[in-house]
Amino acid sequence: MTEPLSRDDVAHVAKLARLRLTEDELVRYTEQLGKILVHAQDLSSLDLHGVAPTAHPFGLVNVVRPDEVRASLDPAPVLAQAPDVEDGRFAVPRIVGEAP
Amino acid sequence: MMLPNGWEMVVGLEVHTELKTKTKLFCGCANEFGSAPNSQVCPICLGLPGSMPVLNERAVELAMAIGFALNCTIQDSTFHRKNYFYPDMPKDYQVSQYDLPINARGYLDLPDGSRVSIERAHMEEDTGKTTHLGTSGRIHGADRSLVDYNRSGVPLVEIVSGPDIRNPQQARDYVAELRSILVAIGASDGRMEEGSLRVDANVSVHKPDTPFGTRCEIKNLNSLRSLTRAIEYEALRQIDVLEDGGSIRQETRHWDEDRGETSTLRVKEEAEDYRYFREPDLVDLAPDQAWKDRVLAGLPKLPAQRRRDLEALLTNPTDAQRDGVTTVVDLDLDLYVEGVAQAHGDVALAVARAANELAAANEKLANLSVANFVTTVAMEQSGQLSATQAKTVLGELLEKGGDPASVAKAKGFEQLSTDSLSATVGELITANPDEWQRFKDGDDKLAQFFIGLVMKATKGQANGKAVIAELQSRR
Amino acid sequence: MKSALEIAAAVRGGQSALVAVEESLTAIRARNEELNVFLYVDEDGARAAAARIDEQVRRGEDPGLLAGVPIALKDNLCTTGIPTTCSSKILEGWKPPYNATVVDRLVAQGAISMGKTNLDEFAMGSSTENSAFGPTRNPLDPARVPGGSSGGSAAAVASNMTPVSLGSDTGGSIRQPAALCGLVGVKPTYGLVSRYGLIAFASSLDQIGPFAQSVSDAALLLEVIAGHDPLDSTSLPEPTPSLLAHVADGVAGKRIGLVRELVDGADEDVVRAVNKAVETLKDAGATIVELSIPELHLGLSAYYLIAPAEASSNLARFDGVRFGNRVDGEDVTAMMEATRTAGFGAEVKRRIMLGTYALSAGYFDAYYGQALKVRTRMIEAFATAYQQVDMIIGATTPSVAFEFGSKTNDPMAMYLNDVFTIPTNLAGEAAISVPFGTGEANLPIGVQLLGPGRSEARLFAAARVLEIADGRA
Ligand SMILES: [Mg+2]
Ligand SMILES: [Zn+2]
């Protein structure tokens with residue numbers, strides 16, 4: 001069986017997931033994730049054409065709430081839990097790049 | 001506008017509108033603009049661990065109303081997570097509709113008769129608001145940013161048009177029409193400057209009968225003026241690049257209103273990998289016919305129909321009158337004009353007064369009843385008030401309320417007596433013998449000259465029609 | 001320690017709630033250092049709650065079905081003002097501003113939270129070895145694991161620190177530790193218990209459920225926490241089923257399926273216990289039907305794509321911006337990377353990466369998309385089985401409690417521990433693990449009873465038959 005994922009794949013995925021890996025970790029995770037994905041290949045061989053995917057176990061629909069205001073949190077204790085705060089706002093270092 | 005050398009522009013618009021609900025899309029925090037930072041947050045809209053979303057029924061109904069108004073198919077829909085890390089997005093994913101939006105395949109007819117297709121109009125949540133600290137106030141060069149999550153989770157509907165728009169004016173008309181529909185159905189307050197209506201434009205150029213060119217997406221178009229300027233600038237920029245033998249790369253560009261130009265924001269080197277998947281914390285939406293019917297039944301008459309109905313009250317409306325009707329509908333002044341029509345008054349005059357005097361004091365309309373407007377227009381029409389006086393009376397009514405007759409009296413707008421008018425006209429003829437001779441010789445334009453003098457002499461109290469009658473009788 | 005039912009009856013009858021609380025605190029002091037069960041003991045809060053309940057009784061009010069019952073909460077349940085860590089460094093020191101719905105329901109019925117118990121970080125694991133705050137030891141043999149991920153909550157009950165506790169079960173995280181610690185553990189029907197305030201691992205699979213020494217206590221606790229919650233969109237709308245009232249219903253006339261795939265590959269002692277349980281149920285009047293559900297073999301693969309995929313998204317919010325720990329960086333991306341790299345343990349990173357990969361462009365259809373279709377197959381296969389039988393019996397785990405470190409180097413070996421429990425989560429159905437007999441080293445064995453959605457009452461009745469036969473009540 002071919003290697004299901006490469007070192008570069010793992011590096012790319014780590015970047016997407018905002019994780020930094022050491023060289024050792026990169027090697028180890030490539031091997032471990034590979035093993036798991038090889039096991040998962042028993043799924044890819046199945047013919048599941050025409051089978052609908054299940055995202056939810058039960059088919060509940062239209063679960064909504066009335067448009068009624070509920071009390072918000074007191075901002076002070078919420079901000080007190082944050083790593084960095086300025087001027088009633090959550091502070092973060094320089095943002096590089098715009099949101100999509 | 002005409003593009004040089006036979007180029008044609010192709011524009012598609014993505015309009016995000018905040019919905020006018022009492023609460024956010026997935027939590028009970030107030031959906032209000034301008035509160036103290038982070039005062040409208042809870043575990044859900046802050047994305048705290050363990051919190052879960054529950055969909056706002058009213059937001060769904062407003063989204064459906066938008067679908068109906070845009071002639072869309074309202075279909076069973078699902079919610080997905082769009083995964084990307086960004087500090088204004090508390091969960092680091094946005095809950096949005098992806099392959100199954102609530103509204104699909106509609107269209108919007110513009111006043112000029114053109115039709116723009118709507119690909120979809122789907123629900124999603126808004127982000128928090130970031131303030132960039134540093135010299136420029138913009139993201140580049142900022143050392144630090146501050147996030148306020150009051151806007152986080154505010155319901156949005158994203159309306160995506162087909163690539164059907166061919167010039168900046170059409171883009172403007174599309175957004176203006178869309179905006180008045182959204183306001184009319186109560187889905188949005190339509191305030192572009194507050195960001196409750198936001199427009200992104202996808203612009204490309206090509207020669208007719210060739211495939212579409214590579215498009216660039218322009219962000220930050222927060223007024224109709226920015227929209228038309230940015231589209232025009234961007235199309236010309238692309239043509240310059242192409243005519244110089246270059247090629248357009250797909251990118252997101254920022255519109256700088258002060259400089260009047262677009263600049264590169266982000267190059268789409270590789271397709272973004274948002275890892276969309278069904279939001280497991282929400283169930284599907286499958287509105288039954290009864291629910292859809294209820295929403296449809298609650299839909300008011302749309303602006304296009306309202307304009308048609310008002311224009312039908314005018315005989316052979318001029319362009320200026322049509323513009324007046326558009327203003328009347330945009331500002332929801334239909335009832336005033338309809339009141340005049342019902343009283344068999346002068347509808348054209350009513351449109352003019354509504355589109356000007358009432359439009360200028362839109363926020364004070366509570367002081368002016370339809371009946372008082374009808375009376376004022378009738379007084380002007382009968383010559384009891386001059387145009388200037390009628391405008392003054394309307395201004396006073398809007399400012400302080402009251403009834404037209406008392407206001408006119410208090411202002412001293414009594415009709416000049418026929419004798420007094422006659423005397424004034426006689427004095428002015430004596431003082432301007434040359435002009436009077438020319439008028440007598442048949443130069444009708446000079447009637448305006450004398451009306452002007454009479455108005456000046458009577459401080460606007462004279463009635464133009466009465467002056468003309470007096471002049472004619474002496475001719 | 002007395003059962004929850006006995007304590008509640010005594011307190012409602014006028015005995016001070018402090019008696020059970022002090023007894024619990026004494027048991028915690030005796031062994032918590034050795035076993036590492038509680039990450040946080042709310043001594044003052046528990047005493048204050050006991051005093052309030054005593055006051056209620058004095059005023060003639062009924063403090064509720066769990067009056068004065070000490071309970072341990074898995075530390076992935078949010079508790080207002082009380083540290084909630086998910087056994088992760090990234091959340092160390094965080095105090096939620098709100099309670100999970102289950103916590104509110106417990107308090108409303110007079111239960112007293114003794115504190116928060118250890119787990120595999122973010123509930124990812126089967127041994128509680130993945131905790132950032134050290135492993136929990138199995139009270140029955142401290143050289144062995146208690147199972148996981150709800151190892152702390154299982155150990156709390158197994159060591160008599162509390163009569164009952166709450167855990168969460170995403171792929172077996174209640175039933176497996178219940179089996180390994182000799183307890184009753186329940187994975188309720190998906191949507192029966194509100195997930196609001198449960199820090200999500202895999203949202204479409206997670207359910208909160210009880211640990212108890214007895215079937216009756218488990219039924220009582222589930223009855224208290226179950227029921228519709230408007231704060232959880234996936235919460236079932238039907239009223240809470242009556243459970244405790246049906247515990248003694250027995251299995252006469254019931255058809256029970258012995259499913260080969262839920263026994264195959266288990267150790268001999270485990271297979272023996274399941275066979276003996278089958279005989280016991282037959283003697284009690286049930287008809288046994290031997291079944292094969294080949295789709296169950298696909299469960300593990302589907303689970304190890306679906307759960308990490310959802311987890312990769314659920315755990316994105318741990319970014320150092322709004323709560324929890326931050327490690328600084330020169331820009332916001334660097335800060336988020338440094339925070340997550342330092343804050344998450346190896347297993348969590350492994351699953352986040354696996355899930356990110358399974359969802360990423362180009363692989364979605366082959367992995368995540370395919371797994372969701374397998375899930376459909378699994379549901380259909382169970383439905384077919386339930387046309388023939390009222391419930392299914394099998395093993396909970398392939399073996400009794402294993403020793404520390406024996407599976408930590410090979411993730412796949414660890415994952416195989418959940419092979420019998422995972423299918424229930426994928427199908428969103430109900431299952432109970434009940435202790436039945438002992439195996440290697442005289443350690444307990446868990447037998448698993450599975451049923452369709454909302455079949456808990458039926459499963460409790462069967463479990464009760466086994467409990468009596470096992471001499472436990
Ligand atoms: Mg969008
Ligand atoms: Zn909120």
Side-chain angles (χ1 to χ4, degrees), chain B residues 26-28 38 41-57 79-95 98-99 128 130 132 139-140 142-149 152 270-285, chain C residues 76-78 84 86 91 94 96-101 122 191 194-200 202-206 229-235 306 309-310 312-324 331-333 335-337 340 355-364 368-369 372:
Chain B
F26 298 123
C27 66
N38 293 303
V41 295
C42 73
I44 298 162
C45 58
L46 265 183
L48 295 187
S51 66
M52 295 178 71
V54 185
L55 188 58
N56 181 338
E57 181 176 31
F79 289 89
H80 273 67
R81 292 185 183 177
K82 179 182 183 180
N83 293 285
Y84 64 92
F85 285 88
Y86 210 76
D88 65 11
M89 183 55 77
K91 302 177 296 293
D92 291 296
Y93 57 80
Q94 181 193 31
V95 178
Y98 180 54
D99 53 354
T130 308
H132 304 293
I139 192 162
H140 302 292
D143 307 323
R144 204 166 139 77
S145 297
L146 304 180
V147 196
D148 167 13
Y149 292 102
S152 155
E270 44 189 305
E272 308 280 348
D273 194 345
Y274 294 124
R275 289 155 284 135
Y276 280 101
F277 74 107
R278 286 274 284 279
E279 161 60 292
D281 287 333
L282 290 169
V283 303
D284 298 351
L285 263 181
Chain C
N76 57 357
L77 295 168
C78 287
T84 300
C86 276
L91 265 187
W94 182 59
Y98 74 109
N99 268 341
T101 295
F122 284 102
S194 169
R195 291 185 292 119
Y196 190 76
L198 166 67
I199 299 179
S203 315
S204 78
L205 303 166
D206 295 342
D229 179 11
L231 296 178
D232 174 355
S233 304
T234 64
S235 166
I306 293 170
E310 292 183 9
S312 71
S313 174
N314 283 331
L315 269 61
R317 70 189 65 192
F318 300 91
D319 60 6
V321 176
R322 294 159 305 279
F323 53 83
D331 59 45
V332 77
T333 303
M335 180 280 281
M336 287 181 181
E337 272 183 9
R340 292 165 62 79
T356 305
Y357 182 75
L359 288 177
S360 66
Y363 302 103
F364 183 94
Y368 187 71
L372 293 186

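Chain identifiers are assigned alphabetically (A, B, ...) following the order of the sequence lines, protein sequences preceding nucleic acid strands; residue numbering begins at 1 within each chain.
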**Message:** Just verifying a value: how many Å separate Tyr93(B) OH and Asn314(C) CG, rounded to the nearest 0.5 Å?
**Reply:** 5.5 Å

**Prompt:** Are Leu48(B) and Phe323(C) close enough that some pair of their side-chain heavy atoms sits under 4.5 Å apart?
**Reply:** yes

**Message:** As an exercise, state the distance from OG of Ser203(C) to CD of Glu279(B), rounded to the nearest 0.5 Å.
**Reply:** 7.0 Å

**Request:** Output the option from Ala358(C), Pro97(C), Ser313(C), Ala100(C) having the highest count of non-hydrogen pairs under 4.5 Å with chain B.
**Result:** Ser313(C)

**Prompt:** Are any of the side-chain heavy atoms of Ser51(B) and Arg317(C) separated by less than 4.5 Å?
**Reply:** yes

**Message:** Do Tyr149(B) and Val321(C) have side chains that approach each other closer than 4.5 Å (heavy atoms only, starting at C-beta)?
**Reply:** yes

**Request:** Please check if atom OH in Tyr84(B) has more than 12 non-hydrogen atoms from other residues, nucleotides or ligands closer than 6.0 Å.
**Result:** yes

**Prompt:** Do the side chains of Val332(C) and Ser145(B) get nearer than 4.5 Å, heavy atoms only?
**Reply:** no

**Request:** Would you indicate whether the side-chain heavy atoms of Glu310(C) and Phe277(B) approach each other to under 4.5 Å?
**Result:** yes

**Asked** Which bit of Tyr363(C) comes within less than 4.5 Å of chain B, counting heavy atoms only: side chain, backbone, both or neither?
**Response** neither

**Request:** Kindly compute the distance separating CD1 (Ile44(B)) from CG (Leu231(C)), expressed to the nearest 0.5 Å.
**Result:** 6.5 Å

**Complete:** Scored by heavy-atom pairs under 4.5 Å with chain B, the best of Pro96(C), Gly197(C), Ala200(C), Gly324(C) is Gly197(C)

**Prompt:** What distance do Ser312(C) atom OG and Arg81(B) atom CZ have between them, rounded to the nearest 0.5 Å?
**Reply:** 9.0 Å

**Message:** So does Gly47(B) get a backbone contact from the side chain of Arg322(C), meaning a donor-acceptor N/O pair under 3.5 Å?
**Reply:** no

**Heavy-atom side-chain proximity of Phe26(B) to Ser233(C) below 4.5 angstrom** = no

**Options Pro90(B), Pro43(B), Gly50(B), ranked by heavy-atom pairs under 4.5 Å with chain C, top entry** = Gly50(B)

**Asked** Would you say the side chain of Asp92(B) lies within less than 4.5 Å of the side chain of Met336(C), judging by non-hydrogen atoms?
**Response** yes

**Complete:** Looking only at Ala361(C), Ala309(C), Cys78(C), Ala202(C), the option with the highest number of non-hydrogen pairs under 4.5 Å against chain B is Ala361(C)

**Prompt:** Taking C-beta and beyond as the side chain, do Asp281(B) and Arg195(C) meet within less than 4.5 Å on heavy atoms?
**Reply:** yes

